[in-house]
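I have placed the structure first, in the form of structure tokens, so that the comments after it can refer back to it.
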Amino acid sequence: MNASSLMPDSVPLRPMLPPYLEALNEEQRAAVFHSGKSLLILAGAGSGKTRVITTKIAYLIREQGVPPQAILAVTFTNKAAREMADRARLIDGRAGFAMLRTFHSFGAWFLRQHGSLAGLDSGFIIYDDDDTASLLGAVMEGSSRGEVREAARHIARAKDYFLSPDDPELTLIDHRSEFRRIYRDYEERLAKTGNVDFGDLIKKPVEILRNNPAMAKRFRARFRVIMVDEYQDANVAQFELLKEIRDEDTYICVVGDDDQSIYRFRGAEVRNILEFPERFPGTDIIRLERNYRSLAPILSIAASVVDHNEGRLEKTLIAVRGTGKKPVLAFLPNQDEEVMFCAELIEGSWDKHKAAYADWAILYRTNAQSLGFETEFLRRHIPYRVVGSLKFYEREEIKDSLALLALLVSPRDEVAFCRVVNKPARGIGAATVKRVVNVALAEALDFRAAVERLTPKVSAKAHLGLETFFHAIELGRATLFTTGGTRGEALAEEARADEVDQPTKKAPRKRRGIQGSLKSARNKEALIADEGLSTCVVTLLMESGIAEYHLNHDEIAGNQRISNLQELANAASLYPGTEAGLLDFLEHIELDRSLADTDVDDPNKVTLITLHNTKGLEFRRVIMTGVEQGIFPREDKRNEELEEERRLFYVGATRAMDQLYLSTCAMRRMYGNTMPMFPSVFLHEIDRKDLRIVGEPPYAFSKKECEDYDEYND
DNA sequence: TAGTTTTAAGTTTTT
DNA sequence: CTTAAAACTA
């Protein structure tokens, strides 16, 4: 007998691997080593997919000699992009030179360089949904708010599906004939502002690459390896973009989980992942089914719900961590009791196990549900953080400031102009604004030129107001110094810096505390410029009168608004005080609404979060709340949409590592009045024996199996 | 035109 | 019940 036959099977005969590869399991390693045409990794929840992608990036650089600049990795969220970059760099520093971006920021990067091929100037601003809606409001004059919102949704959807106003398939999105006209008018009007919306960040690059074969050929030579994370969330336009940026020699590796596809409403096509092997012939498939996160009973109920879906690539997760306690299903009388239930669970675990607050996450379907938890947690002094609904950049004062800043680089920006031209009141009424905009649109002038054209027709008061306004904008612009002179050069410099992905920003420093802002507000000095771009921001806010306006309109929340403005100025100080710096600043704000973690002071907090926002996260203990018919799933969900809600349940449940709680209320306040509620269908799809039921269940759930909820918190 | 009052509408989910 | 847009008055 030779030595090797005495060895257990688990010790294979192969050369020693470096530790970063040794840490992988067999399938993960196969995915990292894989070479060929293309690879589809079906990665179940908690199966270590980020580890695989980051390791693969490092492996390609280290072992395969792929230049980092030739690697493109695309994600859907900024958080994921950041995490991926950090983890890849940890394995090999050179990974920092690979391009790791979200789809949208990749599109923006592309358009800054090649947008001129579609008549776009390089200083464009990205309109968010709000801006889009106000522009559409101007296009659809006389329509109700709801109609405008619906049209805005449909236009965004059309762009997700890569449909233009003259596309016959547009009827699948909106069959009304006037929709085509509205969409076309909107596109025309948007073009006149010189700006783009979210959908354009994907759609326009595809069009440019298709219409400019020579440039496309050169561009395709750049990336030899393309990886896509969360591929199940890709929409049709993103799929088209993927096809346009690769050629026959490009290696494509996509990672995803069809069971976690939860963005259908946003145009995500599960078909993209289901049909990937057909779309890219020669694709190999690797499944990652070992789950390293959750205890077995948690995976089991997650699976039993999603098993009710048809048309999925069956996957069976294996719980590496083994078995544990059954998930708890709590029947509660109403939402106030639900809040108390959660609070007591958390406090109880704190007392009994010294479990950290940060171990806990409360999941809900809609952002509005966070309110009750916030109020009660404040009362009980339970520290918490709300993820996602931090609408810092949607606040009135912030949007006003951003509009002013936008006007410095985007002089034909209709939306920004209308927003701030008469704020604070300068005697410029709606009628005047409309006339100025119409002249500007009709004669392709910027607003200042349009006013001069109109001078005799505009009242003296309005004219004076407009002059004051333009003067403030000029003062703001004057604070920007251009490096080397022209805007073009500054932008080119930024683009070059981007080529190797070296941030043009300075390293973040400690932010000025809220206290400092408050003190300055009390002194009526209001805002303090720090350095870099903040000089421009502060000048503009002071000169335009916006700072004073918000100081005066801030009677309830103390000086919150001024603090917010100060916070904006602080954020700006990290960027250079140039036009390129300003563009960079605005772009980062539009594409990444999540504010940098400000709670470094106390990270031990309960997380309040929507189900959608939890993707990619994990917590030791998770409470999924409001598991009621009409809320989760929403009542109008049928067929594919109901299947998507099931996947959302799956995503939520698989966030839990050790313990999962589900709560469902018999009554709930909605729109001000109290409505009776019924348990979610999903609860009927789980075997009763897999749950520990507490509280007062409705008759549909047999009572004798239930317990009082004294002992639920073990 | 500015500021206040009245009325209606609305809750998915996100880049 | 809350928030935003229309309507109304000064």
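Residue numbers begin at 1 in each chain, while the letters A, B, ... track the order of the sequences.
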Nearest-nucleotide comparison on DNA chain B, the residue closer to the 5′ end among Ser105(A) and Ile428(A): Ile428(A)

Interatomic distance, Met675(A) CE vs dT11(B) P [rounded to whole Å]: 17 Å

Lys/Arg N to Asp/Glu carboxylate O, Arg379(A) vs Glu376(A), below 4.0 Å: yes

Sugar-phosphate, base or nothing in reach of Ala368(A), heavy atoms under 4.0 Å: base

Considering all heavy atoms, the nearest Lys159(A)-Ala237(A) contact: O-CB, 3.4 Å

Spacing between Leu111(A) atom CG and dT15(B) atom C1', to the nearest angstrom: 15 Å

Polar side chain donor-acceptor pair, Glu269(A) to Tyr161(A), under 3.5 angstrom: yes

Donor-acceptor side-chain pairing of Asp258(A) and Tyr231(A) below 3.5 angstrom: no

Residue whose nearest DNA chain B nucleotide is more 5′ - Ala425(A) or Glu644(A): Ala425(A)

d(CZ, Arg266(A); C1', dT14(B)) in whole Å: 4 Å

Given dT14(B), dT1(B), dT15(B), the nucleotide with the shortest approach to the side chain of Phe198(A): dT15(B)

Whole-Å distance separating the CD atom of Gln335(A) from the C1' atom of dC1(C): 11 Å

Euclidean distance for P, dT11(B) against dA6(C) (whole angstrom): 15 Å

Spacing of Glu150(A) atom CD relative to dA9(B) atom C1', expressed in whole Å: 15 Å

Sugar-phosphate only, base, or nothing, as touched by Asn422(A) at under 4.0 Å among non-hydrogen atoms: sugar-phosphate

His612(A) side chain, from C-beta outward: closest of dA2(B), dT14(B), dT15(B): dT14(B)

Asn367(A) vs dT13(B): side-chain N/O to OP1/OP2 distance below 4.0 Å: yes

Candidate nucleotides dT1(B), dT11(B), dT15(B), ranked by approach to the side chain of Arg634(A) - the nearest: dT11(B)

Among dG10(B), dT14(B), dT1(B), the one nearest Lys461(A) by side-chain distance: dT1(B)

Pair His588(A)-Asn78(A), side-chain donor/acceptor within less than 3.5 Å: no

Touch class at under 4.0 angstrom, heavy-atom based, for Tyr263(A) against every strand present: sugar-phosphate

Protein-nucleotide distance (Glu643(A), atom CD; dT13(B), atom P), rounded to Å: 22 Å

Pair assignment for dA8(B), Watson-Crick or G-U wobble, requiring both distances under 3.5 Å: dT3(C)

Touch class at under 4.0 angstrom, heavy-atom based, for Arg145(A) against every strand present: sugar-phosphate

Nucleotide dC1(C), atom C1' - distance to CE of Met670(A) in whole Å: 12 Å

Touch class at under 4.0 angstrom, heavy-atom based, for Arg153(A) against every strand present: nothing

Touch class at under 4.0 angstrom, heavy-atom based, for Thr432(A) against every strand present: sugar-phosphate

Side-chain H-bond candidate by donor/acceptor type, Asp131(A) with Ser134(A), under 3.5 Å: no

Touch class at under 4.0 angstrom, heavy-atom based, for Phe76(A) against every strand present: sugar-phosphate

Any Thr102(A) side-chain N or O less than 4.0 Å from OP1/OP2 of dT14(B): no

Arg157(A) side chain near dT14(B) phosphate (N/O to OP1/OP2, under 4.0 Å): no

Glu147(A) CD - dA9(B) P separation (whole Å): 11 Å

